[in-house]
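Take a look at the structure set out below.
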Amino acid sequence: MIDPRLLRTDPDRVRRSQRARGESEALVDELLAADEQRRAAISTHEEKRAEQNRLGKLVPRATGEERQGLLARTKALAAEVAAAKATSDEAAARFDELMRMLPNIVHDGVPVGGEDDFTVLETVGTPRDFAAEGFEPKDHLELGERLGAIDMERGAKVSGSRFYFLTGPGALLELALLQHAMAKAVAWGFTPILPPALVKPSAMEGTGFLGQAAQDVYHLPADDLYLVGTSEVALAAYHAGEILDGAALPLSYVGYSPCFRREAGSYGKDTRGIFRVHWFDKVEMFVYCRPEDSPEQHQRLLGYEKDFIASLELPYQVLDVAAGDLGLSAARKFDCYGWLPSQQRYREITSTSDCTEFQSRRLGTRARHGDQVGPVATLNGTLCAMTRMIIMLLENHQQADGSVRLPAVLRPYLGGLDALTPVR
RNA sequence: GGAGGCGUCGCCUAGUACGGUCUAUGGCGCCCGCCUGCUAAGCGGGUUUGGGGUUACAGCCCCAUCGCGGGUUCAAAUCCCGCCGCCUCCGCCA
């Protein structure tokens, strides 16, 4: 949720943002009207209530006829107050409902347009020339099966399509990536957290995942709990309803959790292997900071993502995602796309969003600066999405014989092994 | 799952049997000032949060807020109902 005052102080900014996203401006008009109604209704209620309080205080000391008169008047007032409160509650709820539908205000400089209108900010590293090396690259599934690292068939048998087992070297590879990622994050000053993967509706709603993304979320109706699609949800809700110490900002957390996604809108897309699955594990960075620091913190998270990808010796691109593809919460989003040899193109491996005050307002997280209490910004960024990273490692570091070279940084976590070799 | 206890403005706490001067007490902490070689102590004042009004600012005013949501009443921290969380004990279980 954005700062409601922005509607009155700078409605044009809100309209500009909506246009950049390709969203309707009608919502802004509705909001302005609802805001006016809400404010009028609240002020009516407050006036009546003040009068009721004033008269009510006289009752205990009054006697006889005076008391009877007061009681009659306060009784009548009470009915008016109740009616005014109902009107005011309704208007406030209507305004709130509309406010929650309004996406975050996009930052200036974000490319206008939809999914394909991103800007490539930089390209790092060079994709390998497999033709020059004299062999055709295999895709991650073929490599993974031959290594005994990925078992899709049993994944489907046990859990259905888009499920998998990581086995033997596959399982060890995830654990190595986890150790490597956590070691880096801790060195960068992040506090490691293992958060719950099931959360209450308020956490899901507060992070903005019950909006446009709702069809992608698993819900357990028996308990009214949601399976998180990213540990961002629990890390954002971690400080819900709290007033943080402004001097302690920025707070940096790194979470590791399973992520569950229904992938409802993606039938037939990326069906081979573990590229798009219903469950994967992810190491996620999460930052709380002062609103004015969020662009700087965003760059910081992007820098860590680049560092991590580079440490695994992968060629990649950095994308400035277009406004129409930002999702409800983000004011800006940078994606890192790694080179995927089997598809001869770059595919998403990390994503970092600056959510400014959008999530913290919904979740009631604020910070105290001296004697002022103000909003905080939240940011999130992928450090290591296991399945995507395993895909990238297998494909980019494969060798002609089907073995996979391990980047030096992972070897200490894999008993010094420098390559994974096929078992069949 | 069963039984009981608890939830007050940063922390601790008074208030809840009996509804109204509760405009929520006191302590700690914190902030400002005074005093004082320095520090400590002492003295005085301030200190929930949100929304709104007014103002050059300080400030002042109104409404809401005693875990959350309903209800009773002219009036609810206080009475009633539901929910949530924490603690203790019992049962069951990875």
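Because the structure is predicted, anything quoted here is derived from the model rather than measured. A note on names: the letters A, B, ... follow the listed sequences, proteins ahead of strands, and every chain is numbered from 1.
- Within the nucleic acid shown, A/Glu47 has no heavy atom closer than 4.0 Å to any nucleic acid atom.
- Straight-line distance from the CZ atom of A/Arg366 to the C1' atom of B/U65: 12 Å, rounded to whole Å.
- Taking atom C1' in both B/G20 and B/U36, one finds a spacing of 48 Å when rounded to whole Å.
- If you take CG of A/Asp224 and P of B/C84, they are 11 Å apart, rounded to a whole angstrom.
- Looking at A/Ser294 and A/Asp354, their side chains do bring a donor and an acceptor atom within 3.5 Å of each other.
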Please step through salt bridge (charged side-chain N to carboxylate O under 4.0 Å, His left out) for the pair A/Arg15 and A/Asp29, ending with a clear verdict.
-> CA-CA 9 Å; A/Arg15 291 182 193 282; A/Asp29 295 320; 2.8 Å; yes
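- A heavy-atom distance below 4.5 Å is found between the side chains of A/Ser43 and A/Glu47.
- A 3.5 Å limit on both hydrogen-bonding distances identifies no Watson-Crick or G-U partner for B/C38.
- Side-chain atoms of A/Gln18 and A/Arg21 form no donor-acceptor pair, as typed in the model, at a separation below 3.5 Å.
- There is no side-chain donor-acceptor pair under 3.5 Å between A/Asp151 and A/Thr167.
- A syn base is found at B/A17: its glycosidic angle is within 90° of 0.
- Remark: A/Thr74, A/Lys75, A/Ala78 in residues 73-82 of chain A come within less than 4.0 Å of RNA chain B through at least one heavy atom.
- Taking atom NZ of A/Lys48 as the reference point, atom C1' of B/C62 lies 15 Å away to the nearest angstrom.
- One can place CD of A/Gln52 at 14 Å from C1' of B/C62, the figure rounded to the nearest angstrom.
- Per the geometry, CG belonging to A/Asp96 stands 13 Å off C1' belonging to B/G50, to the nearest Å.
- Ionic pairing of A/Glu46 and A/Arg49 is not present here: no N-O contact between side-chain nitrogen and carboxylate oxygen is shorter than 4.0 angstrom.
- Neither side chain, A/Arg362 nor A/Gln359, offers a donor N or O lying under 3.5 Å from an acceptor on the other.
- Spacing of P atoms, B/C12 relative to B/G67, comes out at 13 Å, to the nearest Å.
- Of the candidate nucleotides B/G20, B/C74, B/C84, B/G20 has the atom nearest to the side chain of A/Pro60.
- The pairing partner recorded for B/G10 is B/C28, the criterion being a Watson-Crick or G-U wobble arrangement whose two distances lie under 3.5 angstrom.
- Rounded to whole Å, the P atom of B/A76 lies 11 Å from the corresponding atom of B/C66.
- With both ends at atom C1', the span from B/G45 to B/A56 equals 25 Å, rounded to whole Å.
- Of the N and O atoms on the side chains of A/Tyr164 and A/His278, not one donor lies less than 3.5 Å from an acceptor on the other residue.
- Remark: A/Asn53 is in phosphate contact with B/C63, judged by side-chain N or O atoms under 4.0 Å from OP1 or OP2.
- Neither side chain, A/Asp281 nor A/Ser257, offers a donor N or O lying under 3.5 Å from an acceptor on the other.
- Taking atom CZ on A/Phe95 and atom C1' on B/G52, their separation rounds to 14 Å, with Å as the unit.
- Look at A/Arg54 and you won't find any side-chain N or O under 4.0 angstrom from OP1 or OP2 of B/C62.
- Of the nucleotides present, B/A3 is the one that pairs with B/U88 by Watson-Crick or G-U wobble criteria, both distances under 3.5 Å.
- You'll find that the side chain of A/Val373 is closest to B/G50, out of B/G52, B/G50, B/C84.
- Annotation: of the two residues near RNA chain B, A/Lys85 and A/Lys57, the 5′-most nearest-nucleotide partner is A/Lys57.
- One interatomic measurement links the two molecules: CZ of A/Arg49 to P of B/A75, which rounds to 8 Å at whole-angstrom precision.
- Between A/Arg362 atom CZ and B/G50 atom P there is a gap of 20 Å when expressed in whole angstrom units.
- Minimum atom distance to the side chain of A/Ala50 is reached by B/C62, of the listed B/C74, B/U49, B/C62.
- Taking the P atoms as reference points, B/A24 lies 29 Å from B/A41, given to the whole Å.
- Straight-line distance between the P atoms of B/U23 and B/A75: roughly 15 Å, to the nearest whole Å.
- When ring centroids are compared, A/His140 and A/Phe275 stay outside the 6.0 Å threshold.
- For residues 30-46 of chain A, proximity to RNA chain B is found at A/Arg39, A/Glu46, defined as any non-hydrogen atom under 4.0 angstrom from a strand atom.
- Nearest heavy atom pair, residue A/Arg347 against residue A/Arg276, reads NH2-NH2, 4.2 Å.
- Taking atom P on both nucleotides, B/C11 is separated from B/G50 by 16 Å, rounded to a whole Å.
- For the 3.5 Å distance criterion, the side chains of A/His45 and A/Asp89 fail to qualify, holding no donor opposite an acceptor.
- B/G69 and B/A77: their P atoms are spaced 13 Å apart (whole Å).
- Distances from the side chain of A/Arg5 to the nucleotides B/G20, B/A76, B/G51 place B/G51 closest.
- Closest approach to the A/Ile243 side chain among B/A64, B/C74, B/U49 is made by B/U49 (side chain taken as heavy atoms from C-beta onward).
- Neither OP1 nor OP2 of B/C30 sits under 4.0 Å from any side-chain N or O of A/Arg368.
- Across all strands shown, B/U21 forms no Watson-Crick or G-U wobble pair with both key distances under 3.5 Å.
- With a cut-off of 3.5 Å on both pairing distances, the Watson-Crick or G-U wobble partner of B/C60 is B/G53.
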